[in-house]
There are 2 protein chains.
Amino acid sequence: MDTIMRIGELGRAIGVDVETIRYYEKAGLLPNPARSQNGYRAYGSAHLERLAFIRHCRALDISLADVKRLLDFVEHPNAACEGIDLLIDAQLDRVRARLKSMQALEQQLAALRGRCGERHSAGECGILHELVAAAHGEACACHSTQQYDQSTC
Amino acid sequence: MDTIMRIGELGRAIGVDVETIRYYEKAGLLPNPARSQNGYRAYGSAHLERLAFIRHCRALDISLADVKRLLDFVEHPNAACEGIDLLIDAQLDRVRARLKSMQALEQQLAALRGRCGERHSAGECGILHELVAAAHGEACACHSTQQYDQSTC
DNA sequence: ACACACCCTGTAGCCACTTCAGTGTCAAGC
DNA sequence: GCTTGACACTGAAGTGGCTACAGGGTGTGT
């Protein structure tokens, strides 16, 4: 009743490298599949679903450790769910913090890019000058704060 | 004339862990400093500036390999500068791509967060349901595309 | 008989650090 | 003189999330 797939088929079905699947297995995220006589891994629809879940979480940039926790919740649906929203909250906080820093980064790089004129030596390059000056200047917040806490520079 | 600092002072001056400084040295980003009689590293203002430059570039999320290239330009100011703007362009492209995907991510996580009500078991948790359903659904673009190419889900 | 695609295991490499184990140096306090 | 503590040194190993490779076995088509 259950379609049986080999690792390559599973990989193609979800769009995951076979090495990654084996890696998830070793990391304890995918349960050990049955083996056919030749020793090949034999996957069913349960594995397919679980792998899809993992990849969806990874697409949300959730760490494998957290994915493991979420999978525990899926396995034990009667447990209290407190942990779930806390986990998602924390993830959202992380993503928002990074988003903010990436935006600052984009601004800085875009400004930097405008500094370079045409046909000149590295010694006259506005980008390089700007980088050196910014690294030197005390007004720049980059050096005193964490990478992901920086505002403008 | 040149203030001489030990590694701890240099680290505090720039806000970098001493281990990171030694790592940069081993990686060839910081030149080998002089040593005092006891074998301690002795840094001068040139090292300070160079380290500040490196950290500034890293704050801009520029890879160490690219920082190395930029440092080469700083060292050889008479070379042509073509490489510099290309490097910054590529960096900007990378940052913008990540920025876009992070924005999509934030949307998805925020939507997910809204799914969880109060006091219920994991089996009834809207977040978990949503995650499982989204992983299962074919309409979701997450599985077929790269992590950083996803749009909405 | 052979090519070729697929599968297996185990190990090492990637990036940018971080941590650790084990040892040495030096100034201050008792 | 002895201890304590902060700081320095080296080299190796660990982190996360894969990715790549070496060296073999399996299965199908021609």
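The shown structure was predicted, so the numbers you read here are calculated from the model rather than taken from an experiment. Letters A, B, ... mirror the listed sequences (proteins, then strands); counts begin at 1.
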In whole Å, I'd like the distance from the [atom1] atom of [X] to the [atom2] atom of [N].
X        : N       : atom1 : atom2 : value
Leu10(B) : dC7(D)  : CG    : C1'   : 15 Å
Leu64(B) : dC14(C) : CG    : P     : 14 Å
Leu30(A) : dG17(D) : CG    : P     : 15 Å
Asp66(B) : dC14(C) : CG    : C1'   : 16 Å
Asp17(A) : dC8(C)  : CG    : P     : 13 Å
Leu51(B) : dC17(C) : CG    : P     : 11 Å

Any Arg12(A) side-chain nitrogen or oxygen under 4.0 Å from OP1 or OP2 of dA5(C): no
For dT26(D), does either OP1 or OP2 sit under 4.0 Å from a side-chain N or O belonging to Arg6(A)?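 For dT26(D), neither OP1 nor OP2 has a side-chain N or O of Arg6(A) closer than 4.0 Å.
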Return the nearest nucleotide to the side chain of Ile7(A); candidates are dA16(C), dC6(C), dC8(C).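 Among the listed nucleotides, the one closest to the side chain of Ile7(A) is dC8(C).
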Identify whether the distance between the nearest side-chain nitrogen and carboxylate oxygen of Arg69(A) and Asp66(A) falls below 4.0 Å. yes
Are the side chains of [Y] and [X] in contact, using a 4.5 Å heavy-atom criterion?
X         : Y         : result
Thr20(A)  : Arg55(A)  : yes
Leu29(A)  : Tyr23(A)  : no
Gln103(B) : Gln103(A) : yes

Can a donor-acceptor pair be found, under 3.5 Å and without considering hydrogens, that links the side chain of Glu106(A) to the backbone of Val95(B)? no
Indicate yes or no for a side-chain donor-acceptor contact from Gln91(A) to the backbone of Leu60(A) under 3.5 Å, with no hydrogens or angles considered. yes
For DNA chain C, find the residues of residues 19-28 of chain A with a heavy-atom distance under 4.0 Å and give them by number; none if there aren't any.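 Contacting residues: Arg22(A), Lys26(A).
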Residues of residues 31-50 of chain B with any non-hydrogen atom less than 4.0 angstrom from an atom of DNA chain C: list those, numerically ordered, please.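 Residues of residues 31-50 of chain B under 4.0 Å from DNA chain C: Asn38(B), Tyr40(B).
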5'-most by nearest nucleotide on DNA chain C - Ala65(B) or Gly8(A): Gly8(A)
Considering all heavy atoms of both residues, which atom of Val67(B) and which atom of Cys57(B) are nearest to each other, and what is their separation? CG2-CB, 3.5 Å
Could you report the tightest heavy-atom contact between Ala42(B) and Ile4(B), atom names first, then the distance?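 The pair with the smallest heavy-atom distance is CB-CG2, 3.8 Å.
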All pairs passing side-chain hydrogen bond (donor to acceptor under 3.5 Å, both in side chains) where residues 33-53 of chain B contributes a residue, at least two apart: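 Every pair satisfying side-chain hydrogen bond (donor to acceptor under 3.5 Å, both in side chains) with a residue in residues 33-53 of chain B: Asp2(B)-Ser45(B), Glu25(B)-Arg41(B), Ser36(B)-Asn38(B), Arg50(B)-Glu75(B).
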